[in-house]
Structures are given as structure tokens and as C-alpha cells.
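Have a look at the structure below before the remarks.
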Amino acid sequence: MRPDPAEDVRPAIDTALVRRLLDTQFPQWAGLPLERVEPGGSDHVIHRLGTELSVRLPRHAGARAQAEKEAVWLPRLAPRLPLAVPVPMGVGKPDFGYPWSWAVSRWLDGEVATVEALADSHEAAVALAGFLTALRRCTPEDVPERPTAGDLAMRPLADRDRATRAAIAEVDGAFDATALTGLWDAALAAPEEDRGPVWVHGDFHTGNLLTADGRLSAVIDFGELGIGDPACDLMIAYTLLSPASRTVFREALGVDDATWLRGRGWALATGLNAYTAYAAVSPRVAQQTTRQINQALLG
């Protein structure tokens with residue numbers, strides 16, 4: 001099957017376009033200064049609007065549904081979560097040649113979490129476990145019990161099998177392919193829980209955490225929010241934490257052996273995907289994903 005050309009669209013996004021979209025659709029903010037945030041994210045071009053708002057435009061089709069998803073679900077989840085999350089203020093429509101919906105949200109102050117600052121923090125490990133515990137306890141009545149389609153349906157780990165094995169073959173030499181394959185086989189064989197629907201962030205890694213005064217303060221980027229395997233959010237144990245703080249995190253979260261093993265599989269699969277896609281062009285990503293893969297092998 002040929003890929004849909006629409007999935008490869010990468011529209012040009014500059015501050016002039018964002019200004020036109022804002023002034024046309026949200027005239028109440030037309031007088032506020034607008035400044036592009038660099039570096040932006042891999043999925044969105046981000047601008048700061050005044051001092052209290054942010055504007056996020058998807059860079060590619062894979063992120064096109066995020067504005068609507070966050071606008072629907074974050075206001076319902078936020079009151080039950082112990083860390084701040086984005087507060088949607090408006091969803092913009094396609095216009096001026098830009099093809100997708102986009103979002104205006106409250107600006108969240110803070111610095112992106114780093115391994116250097118938090119890897120050994122037991123306090124951060126407990127805070128992360130507390131956030132995931134609270135998220136999993138959220139059960140809005142209008143969520144399908146087990147969504148099978150649409151934006152809330154999470155793909156199982158097994159769906160990544162072909163791509164992950166291809167990535168393992170590609171990185172052989174840079175990593176121990178035999179060890180990677182052994183971990184991947186074990187993660188796929190680990191039984192899944194049967195405990196009903198569970199909310200997951202879906203992209204719970206270091207870059208989606210903010211800190212203030214050296215403490216975790218906010219969780220951002222809920223584009224992968226959905227109902228699925230809670231093990232997918234355990235990737236944070238390998239992108240941020242050290243072995244010692246990882247033990248604290250696991251104990252605070254109360255994770256059984258099978259879920260923990262699947263979590264290592266999620267960390268391995270996502271780390272390999274990012275490594276093969278970006279390591280050659282981004283030393284920062286190469287360093288981050290190398291750590292993630294090696295930490296997953298450690299357990």
C-alpha cells in the first residue's frame with residue numbers, strides 16, 4: 001500500500017502566519033506580543049503569546065488531532081492530577097493555507113526536566129509515581145470501556161514488533177543486538193493485566209516534564225493520551241531515573257513483574273525508534289536515546 005501523501009505534509013509555519021491566524025480567529029488577543037519559542041518540539045511549532053499564553057501549531061499530520069483531544073479531556077482530568085497540565089484556552093481552525101487545528105493554552109512556566117538534575121532524586125521518583133497513580137484512577141463516565149478505534153485507542157506493544165526488530169538489526173554494532181532481542185522477546189511474552197480501562201499519558205518522557213525550583217511542576221504534551229497498557233508510561237523510569245531512584249519509583253507505583261517487563265519493552269521500542277530516526281542528525285537525541293536503551297537493558 002502506498003503511504004498517504006497527506007501524512008507527509010510539512011507546512012511552512014512562521015510568526016507572520018501565526019499572527020494572521022490569531023488576529024482573525026481570536027481578536028481578543030490581537031494586541032499581545034507574539035514570539036517564537038526555540039527550540040520548539042518535534043511535533044509542534046510553539047509561540048509565546050503575551051506572558052500568559054502559548055500557541056502550538058502541529059508540524060505534521062501525526063499531531064493534527066492533539067488540539068481537540070487536549071481541549072476535550074484535559075479540563076476533565078486536571079482537577080484530579082497532582083501536577084499542573086496544559087489549560088486549553090481555544091482551538092483554532094485551518095486557514096491561510098495551514099491545514100490543521102491548532103491550540104492556544106495557558107503558558108506553563110518551568111524548565112524541561114533533565115537527567116543531570118533529577119536522575120537521583122527520590123522525591124521526583126515519588127512525584128512521578130503519584131502522577132501516574134492519579135491518572136490511572138481517572139475514569140470519566142463517557143469514555144468507552146475499551147476503545148477500539150479513534151484517538152483514545154492505544155496500540156499494544158506487539159504492534160511495534162516488526163519495526164523494533166528492524167531497528168535492532170540496524171543498530172547492531174552500536175548496541176548488543178543479542179541482548180536487545182532477548183529483552184524484546186521477554187517483554188512481548190509478558191502477560192498483560194486485565195483490570196479494565198486505564199488512562200495513560202502515552203509519551204511520558206523527560207522532554208514532557210517541567211520543573212520549578214528543582215522540583216517537578218508540570219506534565220505537558222498529551223497528544224498520545226488514551227486508554228491502554230499502563231506499562232507504556234514506565235518509559236520515564238529509563239529516560240529520567242537512575243537505578244536507585246527507579247527502584248523508589250517502582251515501589252511507590254506498585255508495579256508487578258509482568259508490567260515492569262513490558263515497561264522495559266516500551267522503553268526499548270520507543271528509544272530505538274527515536275535513535276534510528278534522529279541520532280544521525282541530532283547529537284542530543286543520540287545521547288538521550290542511547291541512555292534510554294542502555295538503562296532499559298539494565299532493568
Side-chain angles (χ1 to χ4, degrees), residues 39-44 83 85 110-133 135-136 154 157 160 163-164 167-168 171 174-175 179-180 183-184 187 200-211 214-226 228-253 255 259-279 282-299:
S42 58
D43 293 335
H44 293 83
L83 296 173
V85 298
E111 302 292 330
V112 175
T114 65
V115 169
E116 292 75 16
L118 294 180
D120 295 316
S121 171
H122 290 194
E123 180 184 10
V126 171
L128 290 167
F131 178 86
L132 291 180
T133 298
L135 179 62
R136 294 173 187 181
M154 301 294 296
L157 185 62
R160 293 178 173 265
T164 299
I168 290 172
V171 303
F175 298 92
L180 296 180
L183 172 56
W184 182 242
V200 295
H201 179 279
D203 199 19
F204 203 54
H205 62 74
T206 308
N208 288 334
L209 300 173
L210 300 182
T211 66
R215 296 182 176 184
L216 288 171
S217 59
V219 180
I220 60 174
D221 199 344
F222 284 75
E224 299 299 322
L225 177 72
D229 182 3
C232 75
D233 283 341
L234 300 184
M235 73 175 76
I236 192 60
Y238 303 98
T239 62
L240 180 62
L241 301 179
S242 68
S245 59
R246 195 151 55 236
T247 298
V248 174
F249 169 75
R250 179 177 180 178
E251 291 176 352
L253 193 55
V255 179
T259 302
W260 191 255
L261 182 53
R262 295 198 314 278
R264 293 174 65 194
W266 280 101
L268 177 63
T270 56
L272 285 169
N273 178 69
Y275 184 92
T276 55
Y278 299 110
S282 173
R284 177 181 60 84
V285 173
Q287 180 181 15
Q288 291 174 340
T289 53
T290 296
R291 181 186 190 277
Q292 178 176 339
I293 293 164
N294 287 330
Q295 291 291 310
L297 285 173
L298 286 176

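When reading the values below, keep in mind they use all heavy atoms of this one structure, side chains included, and skip hydrogens, waters and symmetry mates.
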To the closest 0.5 Å, what do you measure between CG (L135) and CG (L83)? 11.0 Å

Would you mind telling me which of L241, V255, T259 makes a side chain to side chain contact (heavy atoms under 4.5 Å, CB included) with R250? V255

Taking only distance into account, with no hydrogens and no angle test, what donor-acceptor pairs under 3.5 Å do side-chain atoms of residues 268-275 form with protein atoms, sequence neighbours excluded?
from, atom 1, to, atom 2, distance (Å)
T270, OG1, W266, O, 2.8
T270, OG1, A267, O, 3.3
T270, OG1, Q292, NE2, 3.0

Exam field: side chain R136 to backbone P230, donor-acceptor pair closer than 3.5 Å: yes

Looking only at non-hydrogen atoms, find the nearest pair between L216 and A124 and report the distance. CD1-O, 3.7 Å

Walk me through whether Y278 and R284 qualify under side-chain contact (heavy atoms from CB on, under 4.5 Å). CA-CA 9 Å; Y278 299 110; R284 177 181 60 84; over 6 Å; no

Does any N or O in the side chain of H201 come within less than 3.5 Å of the main-chain N or O of L132, such that one atom is a donor and the other an acceptor? no

Can V200 and L225 be said to form a side-chain contact (heavy atoms from CB on, under 4.5 Å), step by step? CA-CA 6 Å; V200 295; L225 177 72; over 6 Å; no

Of the non-hydrogen atoms in F222 and V85, which two are nearest, and what is the gap between them? CZ-CG1, 3.6 Å

Nearest-0.5 Å distance that lies between atom OG in S242 and atom CD in Q295: 7.5 Å

T289 versus V285, closest heavy-atom pair with distance: OG1-O, 2.7 Å

Using 0.5 Å steps for rounding, measure from the CD1 atom of I220 to the CG atom of L209. 8.0 Å

Count the heavy atoms belonging to other residues, nucleotides or ligands that lie under 6.0 Å from CZ of R291, then report whether that count exceeds 12. yes

For the student: nearest non-hydrogen atoms of A179 and L297, plus distance: O-CD2, 3.8 Å

Under the rule for salt bridge (charged side-chain N to carboxylate O under 4.0 Å, His left out), what residues qualify as partners of D203, not counting sequence neighbours? none

Quick one: does T276's side chain get under 4.5 Å of V171's, heavy atoms only? yes

Give the minimum heavy-atom separation between G202 and M154, together with the two atoms involved. CA-CE, 4.1 Å

Backbone N or O of L234 within a donor-acceptor pair of the R264 side chain at under 3.5 Å? no

Any side-chain to backbone donor/acceptor pair from T206 onto A113? Under 3.5 Å, distance only. no

CG on L240 to OG on S245, rounded to 0.5 Å: 7.0 Å

For the side chain of T164 and the backbone of R160, is there at least one donor-acceptor N/O pair under 3.5 Å apart? yes

Supply the atom-to-atom distance F249 CZ to W260 CH2, rounded to the nearest 0.5 angstrom. 5.5 Å

When rounded to the nearest 0.5 Å, the distance separating CD1 of I293 from CD of Q288 is 12.0 Å

Validation row: N294, F175 side chains within 4.5 angstrom (heavy atoms): yes

